[in-house]
Amino acid sequence: MRLLHGLPRFSEDLDFSLVSADGYAGRDWMAKVKRDLALAGFDPLVTWNDRKIVHTGWIRLAGILHEAGLSPRPEEKLAIKLEIDTRPPAGARCERRIVSRHLTFLLQYITICHPSWRESCTRS
């Protein structure tokens, strides 16, 4: 919401919707994230749960907030929650937008059309 609409909302959560199951390997990806963070010198705690429709992972890093001067407590952890909806709702539509905020990148996102949300359903 912050990147697409400029809303003053901040969250450490990363939410995704699976467009195609081809090549999807959430558990393997989280293992790679853990390995790469460890190689970068962190001691990550990484968990993954794929027992429900929305797969959920957590990445927790101790000390990074303290090192960045954002917390006085060295033991405080930065917690990033990752969710992947493996069955997006009916009526969901993929859209893409180039975002130029801090850096430029292409963002693909899901729009759900509902009769009362005319603006999101009529945009092309």
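All values below come from the heavy atoms of this structure, side chains included, with hydrogens, waters and symmetry mates left out.
- Atom CZ of R87 sits in a sparse spot, with 12 or fewer heavy atoms from other residues, nucleotides or ligands closer than 6.0 Å.
- To the nearest 0.5 angstrom, L61 atom CG is 12.5 Å from E76 atom CD.
- A side chain to side chain contact (heavy atoms under 4.5 Å, CB included) with P44 is found for exactly one of R35, K77, K34, namely K34.
- Atom NZ in K81 sits 10.0 Å away from atom CZ in R60 (nearest 0.5 Å).
- Proximity of I64 to F42: side-chain heavy atoms (C-beta onward) are separated by under 4.5 Å at one or more points.
- Within the 4.5 Å cutoff, no side-chain heavy atoms of W58 are placed close to those of N49.
- Between A62 and E75, the closest heavy-atom pair is CB-O, 4.3 Å.
- Across all non-hydrogen atoms, the minimal contact from P88 to S17 is CG-CB, 3.8 Å.
- Hydrophobic clustering (side-chain heavy atoms under 4.5 Å, transitive across Ile, Leu, Val, Met, Phe, Trp, Tyr) keeps V54 apart from L18.
- For the pair R97 and E95, the salt-bridge criterion is not met [side-chain N within less than 4.0 Å of a carboxylate O].
- Rounded to the nearest 0.5 angstrom, D43 CG and L37 CG are separated by 10.5 Å.
- A distance-only check finds a donor-acceptor pair linking the side chain of T86 to the backbone of I53 [under 3.5 Å].
- Separation of the Y24 and H55 ring centroids falls under the 6.0 Å cut-off.
- Between D28 and K32 there is no salt bridge, since no side-chain N of the basic residue sits under 4.0 Å from a carboxylate O of the acidic one.
- When side chains are defined from C-beta on, T56 does not count as touching W48, because their heavy atoms never get closer than 4.5 Å.
- In this structure, the side chains of M30 and I59 come closer than 4.5 Å at one or more pairs of heavy atoms.
- Cluster annotation: I80 is not connected to L45 through the hydrophobic network of ILVMFWY side chains, with a link wherever side-chain heavy atoms come within less than 4.5 Å.
- Atom CG of L39 sits in a crowded spot, with more than 12 heavy atoms from other residues, nucleotides or ligands closer than 6.0 Å.
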